[in-house]
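Throughout, protein chains are lettered first and strands after them, A, B, ... in sequence-line order, and every chain is numbered starting at 1.
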There are 2 protein chains.
Amino acid sequence: MPNKRFKKFLSVKGFKFTKEREEIFSEIMLIEGHFDPDELFITMKTKGSKVSRASIYRTIPLLVDGGLIEKVEMTDRHAHYEKKPGKRHHDHMICSICGKVIEFYSPELEKLQESICRKEKFKALRHSLEIMGRCGDCG
Amino acid sequence: MPNKRFKKFLSVKGFKFTKEREEIFSEIMLIEGHFDPDELFITMKTKGSKVSRASIYRTIPLLVDGGLIEKVEMTDRHAHYEKKPGKRHHDHMICSICGKVIEFYSPELEKLQESICRKEKFKALRHSLEIMGRCGDCG
DNA sequence: CATTTAATTGAGATTTAGTCTCAGTTTAAA
DNA sequence: TTTAAACTGAGACTAAATCTCAATTAAATG
């Protein structure tokens, strides 16, 4: 129950668990795919929610901070977010000193690759990205 | 002389080559690194230019269309652009049907990788990205 | 060179995603 | 309870980018 994770995150940070935050959070958890804050506001309002736009805009960064959602796209006019996925494809950073492999996944990077491929009329099936360099410990 | 390329691009598209567009274009060509439209407007104004903000915002998409500059970053609040580079690092799309290799370079992708690495305290030295899939011809 | 016409311009109004303010409310710890 | 700090909603505000429209200008044509 990610609800619990959110609650925990808030209390650790010294923030309060309010009805509004809970409402926003559980509404987001219902969304398949990505959303933008204003769209979410309209949806909630339509459903009869009294939560304000300000609270939505204030809660989203908390959820991002808490690792519950991610910013996945930045168009000219909108930011888009989505629920964090479970385990899936990831890329690698490889330290050439100690050999450590850092797995990372960036939905933003995935989106960007998609859009680059679209531009080239290329249908991507899979990809591999390896970044070579020095990890934090090997400075 | 990229000025000529710009002129050509405009005439091919049926657009006019105006003093304002020339002024904006040559000002951009003087800039090392990236810039944002408003910053450019201020710079030009300071130098005594009479060109309006509207013209700058209208000219930039033309330059992007004409392949003379690229959008390199989208922060929460700004778009950033820079002059197109000559030959440098590039990544690959590889068609698994016909084997064609498409070289591409995306400054946006590079920036994004940099920021991902920063987050992991990883010092990137080089990277390789290969996207496998089907090219436009092999549909 | 003069005419014509469609593109372009500047000034400032407008849009819009996102942020901020602040008085009143609520949480949660004591 | 009490209390202090966090939170909320309504709407004002900000700022990047776009749009409007009358006046201007490029450049194709006669």
Side-chain angles (χ1 to χ4, degrees), chain A residues 3-4 6-28 34-66 69 71-81, chain B residues 3-4 6-28 34-66 69 71-81:
Chain A
N3 201 321
K4 214 160 187 173
F6 184 37
K7 213 162 173 175
K8 174 121 191 247
F9 167 76
L10 289 174
S11 87
V12 165
K13 288 272 184 172
F15 297 134
K16 287 172 179 168
F17 185 71
T18 66
K19 319 183 217 44
E20 290 83 1
R21 284 174 179 169
E22 180 171 30
E23 208 183 327
I24 292 164
F25 175 64
S26 47
E27 189 62 38
I28 288 175
H34 60 178
F35 66 94
D36 68 75
D38 243 67
E39 178 185 303
L40 176 61
F41 173 63
I42 303 294
T43 305
M44 291 180 68
K45 187 144 220 174
T46 304
K47 290 191 183 176
S49 170
K50 292 278 196 304
V51 173
S52 71
R53 175 183 278 108
S55 286
I56 289 176
Y57 274 101
R58 284 188 283 232
T59 299
I60 284 173
L62 292 180
L63 292 169
V64 172
D65 256 37
I69 66 173
K71 184 183 284 195
V72 292
E73 210 182 352
M74 274 284 307
T75 66
D76 278 30
R77 316 292 276 163
H78 281 282
H80 286 258
Y81 301 83
Chain B
N3 200 320
K4 214 159 186 173
F6 184 37
K7 214 161 171 173
K8 174 117 191 255
F9 167 75
L10 289 174
S11 85
V12 164
K13 288 273 185 171
F15 297 134
K16 288 173 181 171
F17 185 71
T18 65
K19 321 184 217 43
E20 290 84 0
R21 283 173 180 170
E22 181 170 32
E23 208 183 327
I24 293 165
F25 175 64
S26 46
E27 190 62 36
I28 289 175
H34 59 179
F35 66 94
D36 68 73
D38 241 67
E39 178 185 303
L40 177 61
F41 174 62
I42 303 295
T43 305
M44 291 180 67
K45 188 145 218 172
T46 304
K47 290 191 184 179
S49 170
K50 294 277 195 305
V51 173
S52 71
R53 175 183 278 109
S55 287
I56 288 174
Y57 274 100
R58 283 189 284 232
T59 299
I60 283 173
L62 291 180
L63 292 168
V64 172
D65 255 38
I69 65 174
K71 186 184 284 195
V72 292
E73 210 182 351
M74 274 286 306
T75 67
D76 278 29
R77 314 293 276 163
H78 281 282
H80 285 259
Y81 301 83

Nucleotide dT8(C), atom C1' - distance to CD of E22(B) in whole Å: 15 Å
d(CG, L10(B); P, dA26(D)) in whole Å: 13 Å
Interatomic spacing from CZ in F25(A) to CG in L63(A) - rounded to 0.5 Å: 6.5 Å
Most 5' of S52(B) and D36(A) on DNA chain C, judged by nearest nucleotide: S52(B)
Short side-chain N/O contact from T18(A) to OP1 or OP2 of dT8(D), under 4.0 Å: yes
Distance, rounded to the nearest Å, where K13(B) contributes NZ and dA27(D) contributes C1': 20 Å
Plane angle bin for F15(B) and F9(B) - parallel if under 30°, tilted between 30 and 60°, otherwise perpendicular: tilted
Side-chain donor/acceptor contact of R58(A) with base of dG9(D) under 3.5 Å: yes
Euclidean distance, atom CZ of residue R53(A) to atom P of dG18(C) [Å, nearest integer]: 10 Å
Between dA17(D) (C1') and E39(B) (CD): distance, integer Å: 16 Å
Pairwise distance CG(D65(A)) to CD1(I60(A)) - rounded to 0.5 angstrom: 12.5 Å
Note, M44(A) side chain near I56(A) side chain (heavy atom, < 4.5 Å): yes
Residue met sooner reading DNA chain D from 5', once Y57(B) and K19(B) are mapped to nucleotides: Y57(B)
Atom-pair distance (NZ on K45(B); P on dG10(C)), nearest Å: 10 Å
Rounded interatomic separation in angstrom, taking CE from M44(B) and P from dT9(C): 11 Å
Separation of atom CD in E23(A) from atom P in dC7(D), rounded to whole Å: 17 Å
Distance-only side-chain donor-acceptor flag, S49(A) / E23(A), under 3.5 Å: yes
Side chain proximity check, F41(B) to V51(B), heavy atoms < 4.5 angstrom: no
Protein-to-nucleotide contact annotation, 5' to 3' order, nucleotides 1-6 of chain D [B base; S sugar-phosphate only; - none; under 4.0 Å, heavy atom]: ----BS
Close side-chain approach of E27(A) and L40(A), heavy atoms under 4.5 Å: yes
